[in-house]
Amino acid sequence: QLQLVESGGGLAQAGGSLRLSCAASGRTFSWNAMGWFRQAPGKEREFVAGITGGAGTANYADSVKGRFTISRDNAKQTVSLQMDSLKPDDTAVYYCAARTEYYLRTQVNAYDYWGQGTQVTVSS
C-alpha cells in the first residue's frame with residue numbers, strides 16, 4: 001500500500017503562484033509514476049501533470065503547459081507541483097496519484113493510489 005498526503009493548497013490571486021506537495025509513505029515509490037489531477041465542481045477529474053518513475057520525465061496538460069512544473073524527490077518520497085501564472089480556471093480540488101508502473105498515463109483509471117485532495121482557489 002502507498003499512502004499519499006497533499007499539502008499546499010489555498011487561495012491565490014490571478015497571476016500568482018502556489019506550490020503543492022505530496023508526501024508518500026508505506027512503500028518505496030521511486031519507480032512509481034506519479035500524477036497530479038484536478039476536479040472542479042460539476043466537472044470530471046482531469047489530468048494536470050505527470051512524471052515517470054526514476055529520474056522522472058514530465059508531461060503536462062495543454063492547459064497548464066508553461067505555467068506548471070512537476071518534480072519529484074525520491075529520497076524524500078515527495079512529488080511537487082509548482083503552479084505559476086494562476087488563472088481562475090485553475091480553481092479545483094487537486095489530487096496526487098500514483099501508479100504501480102514506471103510510465104505515466106493521463107487516464108484517471110490508470111492510477112492505483114490517491115490522496116485526499118487539496119483545494120486551490122484562484123480569484124480574479
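Side chains are part of it too, since the values below use all heavy atoms of this structure and drop only hydrogens, waters and symmetry mates.
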Query raised in the report: Can you name the nearest heavy-atom pair linking Leu86 to Ala12, along with the distance?
Result: CD1-CB, 3.8 Å

Query raised in the report: Going by atom types alone, do Ser17 and Asp84 pair a side-chain donor with an acceptor below 3.5 Å?
Result: yes

Query raised in the report: Between CD of Gln107 and CZ of Phe47, what distance do you get to the nearest 0.5 Å?
Result: 9.5 Å

Requested in this report: Check whether the side chains of Tyr94 and Arg38 place a donor and an acceptor atom closer than 3.5 Å, and report yes or no.
Outcome: yes

Query raised in the report: What's the shortest heavy-atom distance between Leu18 and Leu11, and which atoms?
Result: CD2-O, 4.5 Å

Requested in this report: Hey, could you give me the CG/CG distance between Leu104 and Asn32, rounded to the nearest 0.5 Å?
Outcome: 12.5 Å

Report task. To the nearest 0.5 angstrom, please state how far the CD atom of Glu6 sits from the CG atom of Leu20. Result -> 8.5 Å

Query raised in the report: Does OH in Tyr102 sit with more than 12 non-hydrogen atoms of other residues, nucleotides or ligands closer than 6.0 Å?
Result: yes

Query raised in the report: Atom CG in Asn59, atom CZ in Arg105: separation rounded to 0.5 Å?
Result: 11.0 Å

Requested in this report: Report, as yes or no, whether the 6.0 Å neighbourhood of atom CD on Gln119 holds more than 12 heavy atoms from other residues, nucleotides or ligands.
Outcome: yes

Report task. Could you tell me which residues satisfy side chain to side chain contact (heavy atoms under 4.5 Å, CB included) with Glu44, sequence neighbours excluded, listed by chain and number? Result -> none

Requested in this report: Considering non-hydrogen atoms only, spot the tightest contact between Met34 and Ala98 and give its length.
Outcome: SD-CB, 3.5 Å

**Report entry** Shortest non-hydrogen separation from Ala14 to Pro88 and the atoms involved
**Finding:** CB-CD, 4.1 Å

Requested in this report: Before accepting this row, confirm whether a basic side-chain N of the pair Asp62/Lys65 lies closer than 4.0 Å to the acidic partner's carboxylate O.
Outcome: yes

Report task. List the steps, then state whether side chain to side chain contact (heavy atoms under 4.5 Å, CB included) holds for Thr100 with Tyr113. Result -> CA-CA 8 Å; Thr100 54; Tyr113 302 100; 3.8 Å; yes

Query raised in the report: Where the side chain of Gln77 meets the backbone of Ala24, is there a donor-acceptor pair that is under 3.5 Å apart?
Result: yes

Query raised in the report: Of the non-hydrogen atoms in Trp36 and Leu81, which two are nearest, and what is the gap between them?
Result: NE1-CB, 3.6 Å

Requested in this report: Could you please spell out the steps behind the ring-ring contact (aromatic ring centres under 6.0 Å, His included) verdict for Phe37 and Trp114?
Outcome: CA-CA 10 Å; Phe37 291 76; Trp114 292 84; 5.0 Å; yes

Query raised in the report: Short question: side chain of Arg99, backbone of Ala110 - any donor-acceptor pair under 3.5 Å?
Result: yes

Query raised in the report: Which pair of non-hydrogen atoms, one from Cys96 and one from Val79, has the smallest distance, and what is that distance?
Result: SG-CG1, 3.8 Å

